[in-house]
Amino acid sequence: MSTPAEGTLRKVATFVATLGIGVAVYITIADSGGGAPVCLAGSKGCETVTSSSYSHLLGVNIAVFGIVGYALLLSASLLRGDAARMAGFGIALVGFGYSVFLTYLELFKIEAICQWCLASTVLMTLLFALNAARMVGYVGRPA
């Protein structure tokens with residue numbers, strides 16, 4: 001199986017990172033208004049997760065770090081060359097790892113699932129896969 005064209009990987013990563021920014025901005029806006037993101041299924045999972053002690057790091061909503069991460073991944077997807085490929089992979093690896101950790105917290109510590117947080121985890125997983133394919137398939141090749 002061959003690696004998709006780098007241009008295709010970059011376009012898909014650009015789209016997914018933009019969606020990720022949207023999700024993270026929505027969570028941040030909902031939190032800054034003193035509320036929680038609205039769960040689409042009507043459950044209280046989003047409220048439970050966003051009101052937990054795990055939803056903030058150093059007094060900052062975790063979603064703000066998500067916005068920064070997705071913005072960096074968007075930038076990496078718009079740039080060419082090995083530096084952008086490797087930076088995208090490194091950022092996506094950290095984002096993926098942290099998303100897995102947050103999902104673990106939701107399942108086993110908070111015992112509630114936020115649909116928006118889960119959507120962010122799926123998007124970060126896709127970005128990790130896209131950036132891994134881009135790095136493995138194209139590092140060392142001309143831009």
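The chain is numbered in sequence order, starting from 1.
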Between Thr14 and Thr18, the two heavy atoms sitting closest are O-OG1, 2.8 Å
In terms of heavy-atom contacts, Gly59 and His56 come closest through O-CD2, 4.0 Å
So CG of Leu123 and CZ of Phe128: to nearest 0.5 Å the spacing works out to 15.5 Å
Nearest heavy-atom approach of Pro37 to Thr50 is CD-CG2, 3.5 Å
Exercise. Are Val68 and Met124 joined in one hydrophobic group, where the rule is that I, L, V, M, F, W and Y side chains link up if heavy atoms are under 4.5 Å apart?
Worked result: yes
Rounded to the nearest 0.5 Å, the CG atom of Asn61 sits from the OG1 atom of Thr28 at a distance of 5.0 Å
Taking the side chain as every heavy atom from C-beta outward, state whether Leu118 and Glu106 have any pair of such atoms under 4.5 Å apart.
-> no
Interatomic distance, CD1@Ile62 vs SG@Cys117, rounded to 0.5 Å, equals 9.5 Å
Here the gap from Phe15 atom CZ to Leu126 atom CG, rounded to the nearest 0.5 Å, amounts to 10.5 Å
Do Val23 and Ile113 share a hydrophobic cluster (ILVMFWY, side-chain heavy atoms under 4.5 Å, transitive)?
no
With sequence neighbours left out, the residues meeting side-chain contact (heavy atoms from CB on, under 4.5 Å) with Ala119 are none
Q: Decide yes or no for Val38 and Tyr26: does some side-chain heavy atom of the first lie under 4.5 Å from some side-chain heavy atom of the second?
A: yes
Note: Arg85 and Met135 closest approach over all heavy atoms is O-CB, 4.3 Å
Distance col, row Leu107:CG vs Leu102:CG, nearest 0.5 angstrom, shows 11.0 Å
Query - Val64 vs Asp31 side-chain heavy atoms within contact, under 4.5 Å - result: no
Here the pair of heavy atoms bringing Ala24 nearest to Ile67 is CB-CG1, 3.5 Å
Closer than 4.0 angstrom, basic N to acidic O: yes or no for Glu6 and Arg141? no
- Message: Hydrophobic clusters here meaning ILVMFWY residues chained together by side-chain heavy-atom distances under 4.5 Å, can you tell me if Phe65 and Val100 are in one?
- Response: no
Under 4.5 Å between side-chain heavy atoms, hopping through other hydrophobics if needed: is there a path connecting Tyr70 to Val60?
no
If you define the side chain from C-beta out and look only at heavy atoms, does anything of Asn131 sit under 4.5 Å from Phe96?
no
Value for OH (Tyr54) from OH (Tyr104), rounded to nearest 0.5 Å, stands at 8.0 Å
For Ser52 and Ile110, the nearest pair of non-hydrogen atoms, with its separation, is OG-CD1, 3.4 Å
Would Thr3 and Leu9 count as a side-chain contact (heavy atoms from CB on, under 4.5 Å) here? Give the steps.
CA-CA 9 Å; Thr3 305; Leu9 293 170; 4.1 Å; yes
Fill in: Close side-chain approach of Ile29 and Val25, heavy atoms under 4.5 Å
yes
> Should Phe101 and Leu105 count as side-chain neighbours, where that means a heavy-atom distance under 4.5 Å?
Replying inline: yes
Contacts of Leu40 meeting side-chain contact (heavy atoms from CB on, under 4.5 Å) (sequence neighbours excluded), chain-then-number -> Gln115, Trp116
May I ask you to test the Val139-Phe89 pair for a side-chain heavy-atom distance under 4.5 Å?
no
